[in-house]
2 protein chains.
Amino acid sequence: MPDPEETFLAEYDPAAFPPVAVTVDVVALTMREGVPVALLIRRGVPPFQGAWALPGGFVHADEDLATAALRELGEETRLPSDVHIEQLGGYGSPTRDPRMRVVSIAYLLLAADLPDPRPGTDAAEAAWVPLRELGFGTGGPTPRPLAFDHAAILADGVERARSKLEYTALATAFLPAEFTMAGLREVYEALWNVPLHAANFHRKVLSVPGFVVDTGRLTAQGGGRGGRRARLYRAGDATSLHPALLRPAGEES
Amino acid sequence: MPDPEETFLAEYDPAAFPPVAVTVDVVALTMREGVPVALLIRRGVPPFQGAWALPGGFVHADEDLATAALRELGEETRLPSDVHIEQLGGYGSPTRDPRMRVVSIAYLLLAADLPDPRPGTDAAEAAWVPLRELGFGTGGPTPRPLAFDHAAILADGVERARSKLEYTALATAFLPAEFTMAGLREVYEALWNVPLHAANFHRKVLSVPGFVVDTGRLTAQGGGRGGRRARLYRAGDATSLHPALLRPAGEES
DNA sequence: AAAATAGTGTCTGTGAGACAATATCTT
DNA sequence: AAGATATTGTCTCACAGACACTATTTT
């Protein structure tokens, strides 16, 4: 057995390991005009120049992974103070990047009302793209191909968001600080792609302790096409929902 | 804007990125003598020499991440053909490894009746350690500290397994091909650390389509302390459970 | 007034949990 | 026979979904 200290030094040599780079990629979702959208950029540099891709980039030295994800996304859009961010996982197929071995840690970010994006470094264009145009939701055009394995990462992110709506209070992350029951229901309907029974949804949400808190105030105006003024709620303390709001058993898309 | 090809070549240079290594770490869980156990190794080399840690190691060039996880675990124990493996996520705090920047992709592995482990490379010892001794479950001694951030990874793995028991057929991954209802219930009780009502559990499991399949045969002998012979089941086709088997609402540990 | 949206009441079917009872098995 | 385990029966409560109805606002 070699001297431990010697082994330590041998392992400390960075060149002893296969060259690999670590990146972060971000699935950023928000609601715009009632439809769920994802932030995509059009790549301005090879590889996949001209293709659409998730925002992301290389992790800096001594930088936390989640910090890197927020930094990269901040290059494309102005982030509000309260965003939800969680890790999706690591993507490390040896062939996912033609340049070299790149392991990417993907993050899911949810926020309300993000502004129009600006193209950051290496990006020719940046845009909020409705999920419907990306192959999620019913119908819609044939989804555009994405660079690298970003289509799989995006699919994982959307599915994560969809399933966490069931058992966590995550839906409020899509909404501004104060929202109506109809607004909350729209998030569920748009992401799950199913119509929900308004009356039952209303009662079910109120039955979950800590999901929403009644502000006591009402919207200034009724609906655009008539209708009663709606009560305003804000997010409650609960992070997990008991009982859960399960997706209807039937089919989706 | 520089020539695209030139940029491509510049980005292709591995030395342009901060040196970083990618490892895999494995939370391997199984049931031994009715108690859930995790595989730990005692490190034979610095850093953290002598400390207990999760099995794992550096990802080889051109090797898939999950493949690396199985290879590293195969150094410590003989893996059967049918194991469940899923990714837990990436762990990349800049300070998690004192040697250099190391991003680790953690995997959760579940299997039935794994044999006694053998210490692999760099390991002084390898052992199945009851989760109870690692701070999970009620009571138990003060858990031993683990190397790196492995305590957090282990906790994430255990919690993942616990919560996936609720809505997936994952519990069967802990059991041999044929098992009894009591064996299945033991998995739930041991991991959730709660007593379950045997009669209700029985009926609930059978009510979930595709969870288990009746083989028509019975155990050779009744229970060690008397009792009727139990029916043998095998895992069904279902991967997700409808309806789910929810954890009792009360407290656990 | 008519239409649209918000919110409440009520009924029914399903499933979870409690408890009881029956069926086998070992000692 | 006694005790232990397996399995089935039954009752009750909570909740999801369906439907009907009331309340309030815009056009």
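The neighbour count for B/R118 CZ, taken as heavy atoms of other residues, nucleotides or ligands under 6.0 Å away, is above 12.
At distances below 3.5 Å, not a single donor-acceptor pair connects side-chain atoms of A/E76 with backbone N or O atoms of A/P117. Listed for the B/R32 side chain is a donor-acceptor partner under 3.5 Å among the backbone atoms of B/L114. B/Q87 places a side-chain N or O within 3.5 Å of a backbone atom of A/G90 that can act as its donor or acceptor partner. Distance alone, capped at 3.5 Å, is enough to place a donor-acceptor pair between the B/R160 side chain and the B/L88 backbone. No donor-acceptor pair closer than 3.5 Å links the side chain of A/R144 to the backbone N or O of A/E133. The closest donor-acceptor contact from the side chain of B/E166 to the backbone of B/R247 lies under 3.5 Å.
Within residues 229-245 of chain A, the residues that have a heavy atom under 4.0 Å from DNA chain D are, in order of number, A/R229, A/P243, A/A244. Looking at residues 178-190 of chain B, you'll see that no heavy atom sits under 4.0 Å from any atom of DNA chain C. Against DNA chain D, the stretch residues 165-175 of chain B makes no heavy-atom approach under 4.0 Å.
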Could you pull out all donor-acceptor pairs under 3.5 Å where a side-chain atom in residues 24-31 of chain A meets a protein atom, sequence neighbours excluded?
unit_1, atom_1, unit_2, atom_2, d
A/D25, OD2, A/S104, OG, 2.6
A/D25, OD2, A/H150, NE2, 3.4
A/T30, OG1, A/A111, O, 2.6
A/T30, OG1, A/D113, N, 3.2

Only pairs under 3.5 Å count here: list side-chain donor-acceptor contacts from residues 225-243 of chain B, not counting sequence neighbours, and write none if there are none.
unit_1, atom_1, unit_2, atom_2, d
B/R229, NH1, B/T219, O, 3.4
B/R231, NH1, B/D214, OD2, 3.2

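Rounded to an integer number of Å, the gap from CG of A/L218 to P of C/dT5 is 17 Å. If you take CZ of A/R228 and C1' of C/dA6, they are 5 Å apart, rounded to a whole angstrom. Distance B/L206 CG to C/dA16 C1': 15 Å, rounded to the nearest Å. If you take NE2 of B/H202 and C1' of C/dC19, they are 17 Å apart, rounded to a whole angstrom.
In terms of position on DNA chain C, the residue among B/G222 and B/K204 whose nearest nucleotide sits closer to the 5' end is B/K204.
Separation of atoms CG (B/L110) and CG (B/D82) is listed at 11.5 Å; rounding is to 0.5 Å.
A/K164 meets the side chain to side chain donor-acceptor pair (under 3.5 Å) test with A/E86; sequence neighbours excluded. Residues passing the ring-ring contact (aromatic ring centres under 6.0 Å, His included) test with B/Y91, sequence neighbours excluded: none. Legend: residues meeting side-chain contact (heavy atoms from CB on, under 4.5 Å) with B/A182, ordered by chain and number and at least two apart, are B/T180, B/R185. Judged as a ring-ring contact (aromatic ring centres under 6.0 Å, His included), and not counting sequence neighbours, the contacts of B/F201 are B/Y188.
Using a 4.5 Å heavy-atom threshold, the side chains of A/W128 and A/E33 count as separate. Using a 4.5 Å heavy-atom threshold, the side chains of B/F179 and B/V212 count as touching.
For DNA chain D, the span of nucleotides reached by chain B at under 4.0 Å from its heavy atoms goes, 5' to 3', from D/dG3 to D/dT10.
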Shorter than 3.5 Å, N or O on both sides, protein versus nucleotides 10-12 of chain C: list them out with atom names.
unit_1, atom_1, unit_2, atom_2, d
C/dT10, O4, A/R203, NH1, 3.2

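When all heavy atoms of A/A66 and A/Y107 are compared, the pair lying nearest together is N-OH, 3.4 Å. Annotation for A/A171 and A/V187: closest pair CB-CG1, 4.0 Å, computed over non-hydrogen atoms.
Across all strands, A/H197 comes closer than 4.0 Å to base atoms (heavy-atom distances). B/G226 comes within 4.0 angstrom of a base, heavy atoms only.
Rounded to 10°, the angle separating the first-five-pair axis and the last-five-pair axis of the helix from C/dA1-D/dT27 to C/dT27-D/dA1 equals 0°.
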